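Input: a single structure, listed below in structure tokens.
So you know, we letter chains A, B, ... as the sequences are listed, proteins then strands, and number each from 1. This is a predicted model, so every value here is computed, not measured. Values reported hereafter were calculated over all heavy atoms of this structure, with side chains retained and with hydrogens, waters and symmetry mates removed.
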Amino acid sequence: MDGTQKRKGSPDQSSSAKRSRNENDSSSDGGSFEKELAAFREDTVAYRNPTANWPRPPVPNLNPSTDKIVFQQLELDHYVGKHLDGMPGSKAGPGPIIQMYGVTMEGNSVLCHIHGFVPYFYVPAPPGFDHSHCSEFLDGLDKAVLSDMRSNKDSISHAVLAVECEMKESIYGFHGKRKIPFLRITMALPRLIAPAKRILETGFKFASFPERCYSTYESNIDYEVRFMVDTEVVGCNWIELPAGKYKVRSPATIDDSYKTGVQPKSYCQIEVDIAYDEFISHTPEGEWSKVAPLRILSFDIECAGRKGVFPEPEKDSVIQIANMVINQGDRDPFIRNVFTLNSCAPIVGSHVLSFPQEGNMLQKWSEFVKRVDPDIITGYNIVNFDLPYLLNRAAALKVQKFPFLGRVRDEKSTISNTTFQSRAYGKRENKVINIAGRAQFDLLHALLRDYKLRSYTLNAVSFHFLQEQKEDVQHSIITDLQNGNDQTRRRLAIYCMKDAILPLRLLEKLMCIINYMEMARVTGVPLSYLLSRGQQIKVVSQLLRMSRKQDLLLPAHKAEAGEEYAGATVIEPSKGYYDIPVATLDFASLYPSIMMAHNLCYTSLLHQSDLKSLKPDEFIKTPSGDHFIKASIRKGLLPEILENLLSARKKAKDDLKKETDPFKKKVLDGRQLALKLSANSVYGFTGAQVGKLPCLPISQSVTAFGRMMIERTKELVELKYTVENGYKTNAKVIYGDTDSVMVKFGVESVAESMELGREAASYVSGHFVKPIKLEFEKV
DNA sequence: CCGGAACCCTAC
DNA sequence: TTAGGTAGGGTTCCGG
């Protein structure tokens, strides 16, 4: 009997678990969670042999020439800059560029090395090199590399685009640890350069890079061209590696992890190589919108702190680590255990692992993580507390084998600090821990981003969302409980396990994984970016997807503080108490629809000099005085991105109405929400103060159109609904903000007001370009 | 007592 | 190898 293959708990098990949760066990007595755990007694396999569930399902036999591999992508890692596989002298040009981690439908872990083109690489500058040599060097290098490439018939020919000189710490041993001048050489495929030149002719401002640009560390270059490959924008899609196109590396096991010279880089069950243009990324629709059986590990640690002092890893022991492992989509975890320092009385339905020595406990926990091989690691504040504490504690105790928690062999997990600052999220200081191939999803970070709450303690959050609270154990008595007997440590263990399960409950209740995965799929970024990075990367990724379809290059723009521009109009409110109905009319998705209606985009923006060569009916002038070419001549990327997003949203909403399965309903709702959010953030991106690719003509045109439209709406309504035109009273717009107007029609009944509101909405819509639409919202 | 700057919060 | 926007109300502090 194999417990690992079982996705759903047995009917008894899940129904009894449900029952115990529904008994409204607000658990101040500290015993209710024990009852809940006891409900798992029937899970006899796990109970008799608690480690049987740890490994992933075995890999089916694989014949690379006849079998395809299909997996859902989750995480990405870049070779470039880290591994320097493209260094001249080894092999500049084609090579592995990206590591893609994922999970198959059978629940096997996959690492796929994507081979492509190294977009830039570094070489030490020749002695006496200065900027006057750049051009000369470029010529020589181009010829040398090209001839080298031609002699290799499998290679892809390419061109060098730029040479820059910058000071970098030497990567070559013989230079020692000091900064020396390096040349950074940027390359691109010729097929990408040709279409980019074509854009230049129609006035695409940002594509107007010189054929070659070079600079030194003394002078800045105007344009730096960088290209990104498709593989970076797959965002949790299902990836298909067709039969005969990939190569399998021999499987590795944890036990040979310390051998050297073993080919596979990781502990993944399937490790393969494929070229960047030979795999298929399936658009997440229909069959391809399913979610792989991801393994999610939630854990929590307890430390023996001293009185009145926050625990310090150099001094204070880790005394317990509780773990819950669940398959995405299941109701209950299939692994429930707790690692304890010193003995602990048994806990029904759970696996207690006791260790007399702390170092040994940490070592075994590290092995547990590798055996279970989770795809996602979650918990509450794990990134800033639990993980760093464990790593620092293990270092203090000199547990050498501990910090290897990732999937890549011999890659040590380390802690670094980052600050993330944005207007939207404020300033956040975070720690970063590298765990290769596993997505860290810290629930605290997700809540900070998505919800505005008075308190973010696990207790407050659990009560708010689950009407459930933590076990009642005060911080101050943790050390006393640890120093008591196996019964007091048992009480602590129950507390610790509850803190490990609560994040999983919240994850399910708030549909975090589903919603975040949908967002990742819609925008094309890896799951972890959604918590670690801002809004811009999502728009960049969508732009990359779209521009690749049109063979356009996205330029790399240096982020600098830009100018401000005028925003929306707020109609001065007519203050007062209204005892008659007031109708509210709203523009649906105002800013996205303005961009679509008027074809506002980087690729459609015209310069003064372009206007002479165009007929007056081929372009428009926006209220802010900027010019854009019409969609009939050249359709912009942004309008197309927005159309895709909004039509996909409409489809998701239609499917949502038809769907009856509650799980699929959740997925679809998450999807339509993600699509709406993405559409709304495109405008903000073009006006970003410190932006990746700001374009004020677009953003100020959008707001200018918006201001014009709200004024015009007020005017139209107040001119049409008058006594002269046979209405009871003159209508009055009493308030409005950005995309809405509130109209007092002067009628007494709600029904009449609604009727007039609907009529006015469609009347006003008729005065604007499609797809701009004014809707009656409410009375 | 007033105005301005800095800051925070919210609407859209 | 980073970081969505503007409008507008309110509070606090400081200087004149």
Suppose you measure atom C1' in dG4(C) against the same atom in dC12(B); what distance do you get, rounded to whole Å? 14 Å
Can you tell which of [options] lies closest to the side chain of [X]?
X       : options                 : answer
R533(A) : dT2(C), dT6(C), dG8(C)  : dT2(C)
T738(A) : dG8(C), dC12(B), dA3(C) : dC12(B)
I537(A) : dA7(C), dG4(C), dA3(C)  : dA3(C)
Y565(A) : dC12(B), dG4(C), dT6(C) : dT6(C)

Relative to the 5' end of DNA chain C, which residue comes earlier, G684(A) or V570(A), by the nucleotide with the nearest heavy atom?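 Mapping each residue to its closest nucleotide by heavy atoms, the 5'-most match is G684(A).
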Could you pick out which residue, S532(A) or A568(A), lies toward the 5' side of DNA chain C when each is mapped onto its nearest nucleotide? S532(A)
Atom pair distance, as rounded to whole Å: [atom1] in [X] and [atom2] in [N]:
X       : N       : atom1 : atom2 : result
I594(A) : dG5(C)  : CD1   : C1'   : 13 Å
F685(A) : dT6(C)  : CZ    : P     : 15 Å
Q536(A) : dG4(C)  : CD    : P     : 5 Å
E572(A) : dA7(C)  : CD    : C1'   : 12 Å
M709(A) : dC12(B) : CE    : C1'   : 14 Å
K538(A) : dT2(C)  : NZ    : C1'   : 15 Å
E775(A) : dC12(B) : CD    : P     : 16 Å
N680(A) : dA11(B) : CG    : P     : 16 Å

Assess whether side chain to side chain contact (heavy atoms under 4.5 Å, CB included) is satisfied between F587(A) and M709(A), documenting all intermediate values. CA-CA 9 Å; F587(A) 283 104; M709(A) 285 163 61; 3.7 Å; yes
So, Y516(A) versus F441(A), ring centres under 6.0 angstrom or not?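 Yes.
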Hey, is the main chain of I433(A) close enough, under 3.5 Å, to the side chain of S413(A) for a donor-acceptor pair?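 No; zero donor-acceptor contacts below 3.5 Å.
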Test salt bridge (Lys or Arg N to Asp or Glu O under 4.0 Å) on E718(A) and K744(A) and set out the steps. CA-CA 10 Å; E718(A) 289 183 346; K744(A) 187 189 71 172; over 6 Å; no
Mind checking who dG4(C) pairs with, Watson-Crick or G-U wobble, both distances under 3.5 Å? none
Within-4.5 Å side-chain heavy-atom neighbours: I382(A) and I377(A):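 Yes; the side chains approach each other to less than 4.5 Å.
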